[in-house]
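Only one structure is covered here, and it is reproduced in the block below.
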Amino acid sequence: MPLIKINLCCTKGQKILGITGVDMRRRTLLQLVSLPGLMSFNVMAQESKTLQISTLIEKDPATLIVEKIIDTAYRKLGWHLNVHYLPGERSLRSANNGEMDGELYRKLGMERDYPNLVIVPVPLLTYEIVIFTNGTHFLVNSWESLRPYTIGFVRGIKIIEQNTVGMKLEAAPTVRQAFQKMLLGRSDIVVANRISGLAALAEMKQTDVTILTPPLATFPVFHYLNKKHEALVPGLTAVLQKMQRDKTMENIQNAVMVELQRGD
């Protein structure tokens with residue numbers, strides 16, 4: 001591209017061919033902004049305000065709720081999200097190694113095993129891990145209660161993997177597939193998030209599967225960013241805290257559940 005020589009020597013009020021120096025400056029700036037190179041730069045700047053966020057491959061109610069909460073929060077900060085649905089372990093690895101910019105939601109303490117992840121310290125949703133059964137009944141008093149049984153679960157759910165070491169496991173990519181395996185007799189029970197499991201069973205039109213009580217675990221989940229975006233954490237934290245106070249989070253959760261019940 002040839003060099004453009006710009007002379008802005010006109011003094012205030014001076015006219016050249018009827019154009020004031022101020023007008024010349026304005027026209028020159030408009031011409032510069034319209035140059036192809038600068039237009040490409042503007043597009044690149046907009047694209048750089050988009051974050052690539054990974055999460056579990058299954059679009060269950062919990063994921064839908066958190067995705068809407070996080071998307072709303074980032075938009076308030078001028079950012080956009082692209083959410084990538086990946087197998088559980090791959091999702092975490094991609095966020096940790098920087099291939100992705102963050103992980104949509106996980107339990108507290110993921111940074112211990114994935115040191116490049118930085119937590120955004122605002123709980124987004126309460127996760128409840130329960131036992132689904134199709135006729136197998138037993139007294140639930142701890143994770144150890146599961147040892148005699150073959151356990152179906154979604155691969156990559158860390159709290160389940162960590163608490164069932166040495167037990168008989170039947171992993172699946174999605175909770176729906178975990179239920180299908182149980183119904184085929186390949187597992188005795190399925191351990192999963194309550195609302196995700198109930199949504200999958202409703203979609204499968206399965207009414208014979210029941211939930212044992214009490215829950216195995218109840219805990220909040222949090223958003224994580226790769227440490228290269230650590231500077232975003234304070235602002236995002238403030239926005240999410242405000243969304244908690246003004247009930248935006250609660251309203252999003254209620255709206256998603258109503259949509260699911262309607263079958264939208």
Side-chain angles (χ1 to χ4, degrees), residues 54-67 85-93 95 103-110 112-114 123-222 224 253 256-257 260:
S54 59
T55 190
L56 297 171
I57 198 166
E58 191 166 31
K59 295 183 182 180
D60 64 14
T63 300
L64 291 174
I65 290 166
V66 176
E67 186 175 336
Y85 304 95
L86 304 173
E89 182 61 32
R90 182 181 164 195
S91 177
L92 280 167
R93 286 201 309 266
E103 170 77 25
L104 187 63
Y105 69 105
R106 291 282 178 159
K107 70 182 182 73
L108 188 69
M110 298 307 297
R112 290 194 292 268
D113 294 322
Y114 302 89
L124 304 171
L125 186 70
T126 299
Y127 233 61
E128 193 175 31
I129 301 295
V130 298
I131 302 165
F132 293 87
T133 176
N134 187 35
T136 300
H137 295 279
F138 55 93
L139 180 64
V140 180
N141 51 38
S142 69
W143 289 90
E144 193 61 26
S145 307
L146 310 182
R147 190 168 292 280
Y149 307 100
T150 301
I151 305 158
F153 74 106
V154 177
R155 184 181 293 108
I157 304 295
K158 290 301 177 182
I159 188 170
I160 299 175
E161 293 178 347
Q162 291 165 354
N163 285 281
T164 55
V165 174
M167 299 186 192
K168 292 171 288 190
L169 303 177
E170 185 66 39
T174 68
V175 71
R176 182 188 179 101
Q177 288 171 293
F179 282 133
Q180 289 170 340
K181 287 186 174 188
M182 181 176 70
L183 295 171
L184 290 171
R186 293 176 59 181
S187 63
D188 300 310
I189 56 175
V190 168
V191 177
N193 175 34
R194 180 190 291 272
I195 62 173
S196 303
L198 290 174
L201 290 170
E203 188 178 287
M204 296 168 69
K205 302 189 186 313
Q206 285 291 335
T207 57
D208 295 332
V209 176
T210 57
I211 296 175
L212 301 183
T213 56
L216 289 166
T218 302
F219 56 92
V221 293
F222 301 84
Y224 285 83
Q253 180 171 343
V256 169
M257 297 309 295
L260 291 171

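Along the sequence shown, residues are numbered consecutively beginning with 1. Just so you know, these numbers use all the heavy atoms, side chains as well, and skip hydrogens, waters and symmetry mates. The structure presented is a predicted model; accordingly, all values stated were derived computationally and were not measured.
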Practice task
Before accepting this row, confirm whether a basic side-chain N of the pair Lys158/Glu89 lies closer than 4.0 Å to the acidic partner's carboxylate O.
Solution key: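 Glu89 and Lys158: salt-bridged.
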
What pair of heavy atoms forms the shortest contact from [X] to [Y], and how long is it?
X      : Y      : value
Val175 : Ala192 : CG2-CB, 3.8 Å
Pro61  : Ile195 : CG-O, 3.8 Å
Leu56  : Tyr85  : O-CD2, 3.5 Å
Ser187 : Gly152 : CB-N, 3.9 Å
Ala62  : Tyr127 : CB-CE1, 3.8 Å
Gly197 : Phe179 : O-CE1, 3.5 Å

Exercise for the section: Keeping the roles fixed (side chain from Lys107, backbone from Ile157), state whether a donor-acceptor pair exists under 3.5 Å. Expected result: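 It does not hold such a pair.
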
Handout entry: Flag, side chain of Tyr105 to backbone of Glu67, donor-acceptor distance under 3.5 Å
Key =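 Looks like no, no N/O pair under 3.5 Å.
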
Once you round to the nearest 0.5 Å, how far does [atom1] of [X] lie from [atom2] of [Y]?
X      : Y      : atom1 : atom2 : result
Asp208 : Gln206 : CG    : CD    : 6.5 Å
Leu183 : Gln180 : CG    : CD    : 8.0 Å
Thr150 : Met182 : OG1   : CE    : 12.5 Å

Pairwise side-chain contact, [X] with [Y], heavy-atom cut-off 4.5 Å (strictly under):
X      : Y      : value
Leu108 : Phe219 : no
Ile159 : Leu216 : no
Glu170 : Val190 : no
Phe153 : Thr164 : no
Thr218 : Thr126 : yes
Glu103 : Met110 : no
Trp143 : Ile129 : yes
Asp113 : Gln162 : yes

Practice task
Taking the six-membered ring for Trp and the full ring for Phe, Tyr or His, determine whether the centres of Tyr149 and Phe138 are under 6.0 Å apart.
Solution key: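 Aromatic pair counts; centres sit under 6.0 Å.
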
Exercise for the section: Start with the C-alpha distance between Leu212 and His137, add both sets of side-chain angles, then the distance that settles side-chain contact (heavy atoms from CB on, under 4.5 Å), and finish with yes or no. Expected result: CA-CA 8 Å; Leu212 301 183; His137 295 279; 3.6 Å; yes

Handout entry: Partner of Asp188 under side chain to side chain contact (heavy atoms under 4.5 Å, CB included), chosen from Leu146, Thr136, Ile151, Ile131
Key =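 Of all the options given, the one that passes is Thr136.
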
